[in-house]
Amino acid sequence: MTQPIHDEVRERYAQSALQVLNDSAMPCCGEEGIGSELYSALERDELPDRAVLASLGCGNPAAVAELHPGERVLDLGSGGGIDVLLSAKRVGPTGRAFGLDMTDEMLVLARRNAAEAGATNVEFLKGRIEEIPLPADSIDVVISNCVVNLAADKSAVFAEIARVLRPGGRIGIADIVADNSLTPTERADRGSYVGCIAGALSFAEYESGLRDAGLSDVSLTPTHTVADGMHSAIIRGSKAADSPPAAQAVRKELDQVGCGCGSDGCC
(Lines give C-alpha, C1' and ligand atoms only; values in the text may rest on other atoms or scores of the structure.)
Protein backbone atom coordinates (compact mmCIF):
# COMPACT_ATOMS: atom_id res chain seq x y z
CA MET A 1 0.00 0.00 0.00
CA THR A 2 2.95 2.38 0.49
CA GLN A 3 3.56 3.24 -3.16
CA PRO A 4 -0.11 3.82 -4.08
CA ILE A 5 -0.44 6.23 -1.16
CA HIS A 6 2.70 8.11 -2.19
CA ASP A 7 1.46 8.33 -5.76
CA GLU A 8 -1.98 9.56 -4.73
CA VAL A 9 -0.58 12.24 -2.44
CA ARG A 10 2.02 13.34 -4.99
CA GLU A 11 -0.58 13.68 -7.76
CA ARG A 12 -2.97 15.66 -5.58
CA TYR A 13 -0.36 18.14 -4.40
CA ALA A 14 1.22 18.45 -7.82
CA GLN A 15 -2.19 19.56 -9.10
CA SER A 16 -2.46 22.05 -6.27
CA ALA A 17 1.00 23.50 -6.97
CA LEU A 18 0.21 23.89 -10.67
CA GLN A 19 -3.01 25.69 -9.85
CA VAL A 20 -1.16 28.10 -7.55
CA LEU A 21 1.45 28.70 -10.23
CA ASN A 22 -1.49 29.65 -12.44
CA ASP A 23 -2.77 32.05 -9.75
CA SER A 24 -5.62 29.93 -8.41
CA ALA A 25 -6.07 27.82 -5.30
CA MET A 26 -7.00 24.20 -4.63
CA PRO A 27 -7.92 23.30 -1.05
CA CYS A 28 -6.39 20.15 0.39
CA CYS A 29 -5.95 19.54 4.10
CA GLY A 30 -9.24 19.58 5.95
CA GLU A 31 -10.91 19.61 2.51
CA GLU A 32 -11.78 23.28 2.99
CA GLY A 33 -8.46 25.00 2.44
CA ILE A 34 -8.10 26.38 5.97
CA GLY A 35 -4.33 26.90 5.98
CA SER A 36 -3.69 30.54 5.17
CA GLU A 37 -6.25 31.81 7.69
CA LEU A 38 -4.10 30.45 10.53
CA TYR A 39 -1.32 32.98 9.88
CA SER A 40 -1.42 36.55 11.11
CA ALA A 41 -2.02 39.36 8.67
CA LEU A 42 1.53 40.58 9.35
CA GLU A 43 2.99 37.19 8.47
CA ARG A 44 0.95 37.00 5.27
CA ASP A 45 2.02 40.51 4.27
CA GLU A 46 5.70 39.52 4.59
CA LEU A 47 5.39 36.68 2.08
CA PRO A 48 4.89 36.32 -1.67
CA ASP A 49 1.24 35.93 -2.60
CA ARG A 50 1.85 32.48 -4.08
CA ALA A 51 3.36 31.24 -0.81
CA VAL A 52 0.20 32.25 1.04
CA LEU A 53 -2.06 30.88 -1.68
CA ALA A 54 -0.26 27.53 -1.48
CA SER A 55 -0.79 27.18 2.27
CA LEU A 56 -2.56 23.84 2.59
CA GLY A 57 -1.93 23.07 6.24
CA CYS A 58 -3.93 23.11 9.45
CA GLY A 59 -1.77 25.28 11.70
CA ASN A 60 1.19 27.62 12.04
CA PRO A 61 4.12 25.41 13.10
CA ALA A 62 6.76 28.13 12.81
CA ALA A 63 4.98 29.96 15.63
CA VAL A 64 4.35 26.76 17.60
CA ALA A 65 8.06 25.86 17.55
CA GLU A 66 9.15 29.20 19.10
CA LEU A 67 12.19 29.48 16.87
CA HIS A 68 15.32 31.37 17.86
CA PRO A 69 18.14 33.08 15.91
CA GLY A 70 20.84 30.73 14.72
CA GLU A 71 18.74 27.56 14.79
CA ARG A 72 18.52 25.00 11.99
CA VAL A 73 14.93 24.15 11.12
CA LEU A 74 13.55 21.37 8.94
CA ASP A 75 10.00 21.55 7.55
CA LEU A 76 8.63 18.14 6.57
CA GLY A 77 6.40 18.39 3.50
CA SER A 78 7.25 22.01 2.85
CA GLY A 79 4.87 22.54 -0.08
CA GLY A 80 4.94 26.09 -1.41
CA GLY A 81 7.41 27.11 1.29
CA ILE A 82 5.33 29.34 3.58
CA ASP A 83 6.61 27.75 6.80
CA VAL A 84 10.19 27.59 5.55
CA LEU A 85 10.16 31.29 4.69
CA LEU A 86 8.61 32.25 8.04
CA SER A 87 11.17 30.05 9.82
CA ALA A 88 14.02 31.65 7.88
CA LYS A 89 12.96 35.07 9.14
CA ARG A 90 12.87 33.85 12.73
CA VAL A 91 16.24 32.08 12.73
CA GLY A 92 17.92 34.97 10.92
CA PRO A 93 21.11 35.00 8.84
CA THR A 94 23.00 32.82 11.31
CA GLY A 95 20.35 30.10 11.08
CA ARG A 96 19.05 27.98 8.24
CA ALA A 97 15.65 26.67 7.17
CA PHE A 98 15.32 23.48 5.15
CA GLY A 99 12.20 22.33 3.33
CA LEU A 100 11.66 18.72 2.28
CA ASP A 101 9.05 17.74 -0.30
CA MET A 102 8.62 14.83 -2.72
CA THR A 103 6.60 16.75 -5.32
CA ASP A 104 8.58 18.41 -8.12
CA GLU A 105 5.86 20.96 -8.80
CA MET A 106 5.81 22.07 -5.17
CA LEU A 107 9.59 22.42 -5.18
CA VAL A 108 9.42 24.64 -8.26
CA LEU A 109 6.80 26.79 -6.53
CA ALA A 110 8.76 26.94 -3.25
CA ARG A 111 12.01 27.96 -4.94
CA ARG A 112 10.20 30.64 -6.90
CA ASN A 113 8.67 31.96 -3.68
CA ALA A 114 12.06 31.94 -1.92
CA ALA A 115 13.62 33.89 -4.77
CA GLU A 116 10.79 36.43 -4.74
CA ALA A 117 11.13 36.82 -0.97
CA GLY A 118 14.90 37.30 -1.27
CA ALA A 119 15.53 34.52 1.25
CA THR A 120 19.18 33.49 1.32
CA ASN A 121 19.17 31.12 4.31
CA VAL A 122 16.75 28.54 2.90
CA GLU A 123 17.22 25.28 1.06
CA PHE A 124 14.63 22.99 -0.51
CA LEU A 125 15.38 19.28 -0.80
CA LYS A 126 13.55 16.58 -2.72
CA GLY A 127 12.66 13.43 -0.83
CA ARG A 128 10.15 11.55 1.27
CA ILE A 129 9.67 12.33 4.93
CA GLU A 130 10.14 8.61 5.64
CA GLU A 131 13.74 8.95 4.39
CA ILE A 132 15.07 12.40 5.26
CA PRO A 133 18.17 13.23 3.18
CA LEU A 134 20.07 14.94 6.00
CA PRO A 135 22.70 13.72 8.48
CA ALA A 136 21.90 12.50 11.98
CA ASP A 137 21.93 15.00 14.86
CA SER A 138 21.99 17.96 12.46
CA ILE A 139 18.69 19.78 13.06
CA ASP A 140 17.60 21.88 16.03
CA VAL A 141 13.87 21.95 15.28
CA VAL A 142 11.60 19.81 13.09
CA ILE A 143 8.31 21.37 12.05
CA SER A 144 5.52 20.14 9.81
CA ASN A 145 2.12 21.43 8.80
CA CYS A 146 -0.58 18.81 8.28
CA VAL A 147 1.73 16.38 6.46
CA VAL A 148 2.55 13.50 8.81
CA ASN A 149 -1.02 12.24 8.42
CA LEU A 150 -0.31 11.88 4.67
CA ALA A 151 2.70 9.59 5.19
CA ALA A 152 2.35 5.95 4.27
CA ASP A 153 4.73 4.78 7.04
CA LYS A 154 4.36 7.01 10.06
CA SER A 155 6.65 4.97 12.29
CA ALA A 156 9.42 5.58 9.76
CA VAL A 157 8.67 9.31 9.85
CA PHE A 158 8.93 9.40 13.64
CA ALA A 159 12.19 7.42 13.56
CA GLU A 160 13.65 9.82 11.00
CA ILE A 161 12.62 12.85 13.03
CA ALA A 162 14.43 11.42 16.05
CA ARG A 163 17.48 10.61 13.92
CA VAL A 164 18.01 14.06 12.43
CA LEU A 165 17.30 15.99 15.64
CA ARG A 166 20.35 16.95 17.63
CA PRO A 167 20.37 16.01 21.33
CA GLY A 168 18.09 18.54 23.03
CA GLY A 169 16.32 19.31 19.75
CA ARG A 170 12.54 19.61 19.56
CA ILE A 171 9.51 19.32 17.33
CA GLY A 172 6.65 21.75 16.70
CA ILE A 173 4.09 20.10 14.45
CA ALA A 174 0.56 20.96 13.36
CA ASP A 175 -1.41 17.92 12.26
CA ILE A 176 -4.87 16.40 12.15
CA VAL A 177 -5.48 13.81 14.85
CA ALA A 178 -8.46 11.56 15.57
CA ASP A 179 -10.30 10.85 18.79
CA ASN A 180 -9.06 7.63 20.36
CA SER A 181 -12.52 6.13 19.99
CA LEU A 182 -12.53 6.34 16.18
CA THR A 183 -11.51 3.27 14.20
CA PRO A 184 -9.54 3.64 10.93
CA THR A 185 -12.74 2.89 9.03
CA GLU A 186 -14.61 5.62 10.88
CA ARG A 187 -11.83 8.08 10.13
CA ALA A 188 -12.01 7.20 6.43
CA ASP A 189 -15.77 7.81 6.51
CA ARG A 190 -15.08 11.40 7.55
CA GLY A 191 -12.74 12.39 4.72
CA SER A 192 -10.18 11.30 2.15
CA TYR A 193 -6.55 10.33 2.62
CA VAL A 194 -5.29 13.24 0.52
CA GLY A 195 -7.63 15.51 2.47
CA CYS A 196 -5.62 14.68 5.61
CA ILE A 197 -8.47 12.83 7.33
CA ALA A 198 -8.43 9.11 6.50
CA GLY A 199 -4.72 8.70 7.27
CA ALA A 200 -4.76 10.53 10.59
CA LEU A 201 -3.54 8.80 13.72
CA SER A 202 -5.44 8.87 16.99
CA PHE A 203 -4.10 10.94 19.89
CA ALA A 204 -2.86 7.77 21.62
CA GLU A 205 -1.26 6.39 18.43
CA TYR A 206 0.52 9.65 17.71
CA GLU A 207 1.92 9.98 21.23
CA SER A 208 3.06 6.36 21.44
CA GLY A 209 4.64 6.60 17.97
CA LEU A 210 6.77 9.57 18.98
CA ARG A 211 7.74 8.03 22.30
CA ASP A 212 8.62 4.70 20.67
CA ALA A 213 10.96 6.65 18.34
CA GLY A 214 12.78 8.00 21.38
CA LEU A 215 11.21 11.43 21.88
CA SER A 216 10.12 12.67 25.29
CA ASP A 217 7.99 15.45 26.77
CA VAL A 218 5.42 14.61 24.11
CA SER A 219 2.18 16.58 24.18
CA LEU A 220 -0.79 16.87 21.82
CA THR A 221 -3.10 19.86 22.20
CA PRO A 222 -6.25 20.08 20.03
CA THR A 223 -6.91 23.54 18.63
CA HIS A 224 -10.05 23.21 16.52
CA THR A 225 -12.33 20.57 15.01
CA VAL A 226 -12.08 19.82 11.29
CA ALA A 227 -14.60 16.94 11.18
CA ASP A 228 -16.62 14.89 13.65
CA GLY A 229 -14.04 13.47 16.06
CA MET A 230 -11.13 14.86 13.99
CA HIS A 231 -9.05 17.76 15.28
CA SER A 232 -6.23 20.01 14.25
CA ALA A 233 -3.65 19.69 17.00
CA ILE A 234 -0.32 21.08 18.11
CA ILE A 235 2.26 18.36 18.74
CA ARG A 236 5.37 19.05 20.76
CA GLY A 237 8.22 16.87 21.94
CA SER A 238 11.99 16.77 22.34
CA LYS A 239 15.03 14.57 22.01
CA ALA A 240 16.88 13.97 25.27
CA ALA A 241 19.84 16.29 25.72
CA ASP A 242 21.98 13.36 26.82
CA SER A 243 21.31 11.30 23.67
CA PRO A 244 24.66 10.14 22.24
CA PRO A 245 25.52 12.62 19.46
CA ALA A 246 26.90 11.61 16.09
CA ALA A 247 30.34 12.77 15.03
CA GLN A 248 30.91 16.51 15.29
CA ALA A 249 31.64 16.51 11.58
CA VAL A 250 27.92 16.17 10.93
CA ARG A 251 27.20 19.86 11.29
CA LYS A 252 30.22 20.73 9.13
CA GLU A 253 28.88 18.30 6.52
CA LEU A 254 25.51 20.03 6.61
CA ASP A 255 27.15 23.43 6.24
CA GLN A 256 28.78 22.17 3.05
CA VAL A 257 25.57 20.92 1.41
CA GLY A 258 25.59 22.51 -2.03
CA CYS A 259 23.28 25.39 -2.82
CA GLY A 260 22.13 26.91 -6.05
CA CYS A 261 18.87 25.88 -7.67
CA GLY A 262 19.30 22.89 -9.90
CA SER A 263 18.79 19.18 -10.31
CA ASP A 264 20.64 18.46 -7.07
CA GLY A 265 17.52 19.46 -5.17
CA CYS A 266 19.07 22.45 -3.42
CA CYS A 267 18.22 26.10 -3.49
Side-chain angles (χ1 to χ4, degrees), residues 1-2 5-6 8-9 12-13 27-39 55-66 74-79 82-83 100-101 128-130 132 141-162 165 170-239:
M1 286 295 293
T2 299
I5 289 173
H6 281 142
E8 182 182 4
V9 171
R12 182 70 164 91
Y13 285 83
C28 289
C29 279
E31 309 284 4
E32 300 297 331
I34 59 176
S36 62
E37 298 306 313
L38 300 173
Y39 297 87
S55 175
L56 305 173
C58 56
N60 185 345
V64 167
E66 299 178 356
L74 169 63
D75 180 19
L76 300 181
S78 49
I82 185 171
D83 295 310
L100 175 64
D101 206 283
R128 296 177 177 177
I129 64 175
E130 295 95 338
I132 299 172
V141 188
V142 172
I143 66 173
S144 186
N145 195 350
C146 213
V147 172
V148 174
N149 62 74
L150 296 170
D153 186 348
K154 295 173 178 62
S155 62
V157 175
F158 295 149
E160 280 291 88
I161 289 173
L165 277 177
R170 64 192 187 279
I171 63 171
I173 292 173
D175 213 351
I176 290 179
V177 186
D179 285 343
N180 293 331
S181 60
L182 293 184
T183 66
T185 299
E186 289 171 331
R187 298 169 210 174
D189 288 340
R190 285 157 170 76
S192 68
Y193 205 103
V194 295
C196 306
I197 301 296
L201 296 174
S202 70
F203 283 92
E205 290 167 343
Y206 215 120
E207 180 174 356
S208 64
L210 289 170
R211 291 191 184 279
D212 288 347
L215 299 186
S216 59
D217 300 320
V218 176
S219 67
L220 289 86
T221 306
T223 57
H224 55 279
T225 300
V226 297
D228 182 25
M230 309 291 297
H231 312 273
S232 178
I234 293 169
I235 298 98
R236 292 186 172 94
S238 61
K239 183 174 179 177

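We number each residue from 1, following the sequence as shown.
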Original post:
How far apart are the C-alpha atoms of Ile235 and Val148, what are their side-chain angles, what is the distance that settles it, and do they pass the side-chain contact (heavy atoms from CB on, under 4.5 Å) test?
Top reply: CA-CA 11 Å; Ile235 298 98; Val148 174; over 6 Å; no
For residues [X] and [Y], report the shortest heavy-atom separation together with the two atoms involved.
| X | Y | answer |
| --- | --- | --- |
| Ala188 | Ala198 | CA-CB, 3.8 Å |
| Ala213 | Ala159 | CB-N, 3.9 Å |
| Gly209 | Phe158 | C-CD1, 3.5 Å |

Original post:
Can you find a side-chain donor-acceptor pair between Ser219 and Asp217 that sits under 3.5 Å?
Top reply: no
Original post:
Do you know which of Thr225, Val177, Ile176 makes side-chain contact (heavy atoms from CB on, under 4.5 Å) with Met230?
Top reply: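 The residue from Thr225, Val177, Ile176 that satisfies side-chain contact (heavy atoms from CB on, under 4.5 Å) with Met230 turns out to be Ile176.
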Subject >> The single option from Asn145, Val142, Ile171 passing side-chain contact (heavy atoms from CB on, under 4.5 Å) against Leu76 >> reply: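 Of the listed options, the one satisfying the test is Val142.
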Subject >> side-chain contact (heavy atoms from CB on, under 4.5 Å) evaluation trace for Val141 with Glu66 >> reply: CA-CA 9 Å; Val141 188; Glu66 299 178 356; over 6 Å; no
Determine whether a donor-acceptor pair (N or O, by modelled atom type, separation under 3.5 Å) exists between the side chain of [X] and the backbone of [Y].
| X | Y | value |
| --- | --- | --- |
| Glu207 | Leu220 | no |
| Thr223 | Ser232 | yes |
| Glu130 | Ala156 | no |
| Arg187 | Leu182 | yes |
| Asn180 | Ser202 | no |
| Asn149 | Gly199 | no |

Between [atom1] of [X] and [atom2] of [Y], what distance do you get to the nearest 0.5 Å?
| X | Y | atom1 | atom2 | answer |
| --- | --- | --- | --- | --- |
| Ile161 | Ile129 | CD1 | CD1 | 7.0 Å |
| Glu205 | Leu210 | CD | CG | 12.0 Å |
| Ile173 | Ile234 | CD1 | CD1 | 11.5 Å |
| Asp228 | Asp179 | CG | CG | 8.0 Å |
| Ser78 | Asp83 | OG | CG | 9.0 Å |
| Asp101 | Asp75 | CG | CG | 8.5 Å |

Original post:
Any side-chain heavy atom of Leu150 within less than 4.5 Å of one from Cys196?
Top reply: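 Heavy-atom side-chain distance check passes, below 4.5 Å.
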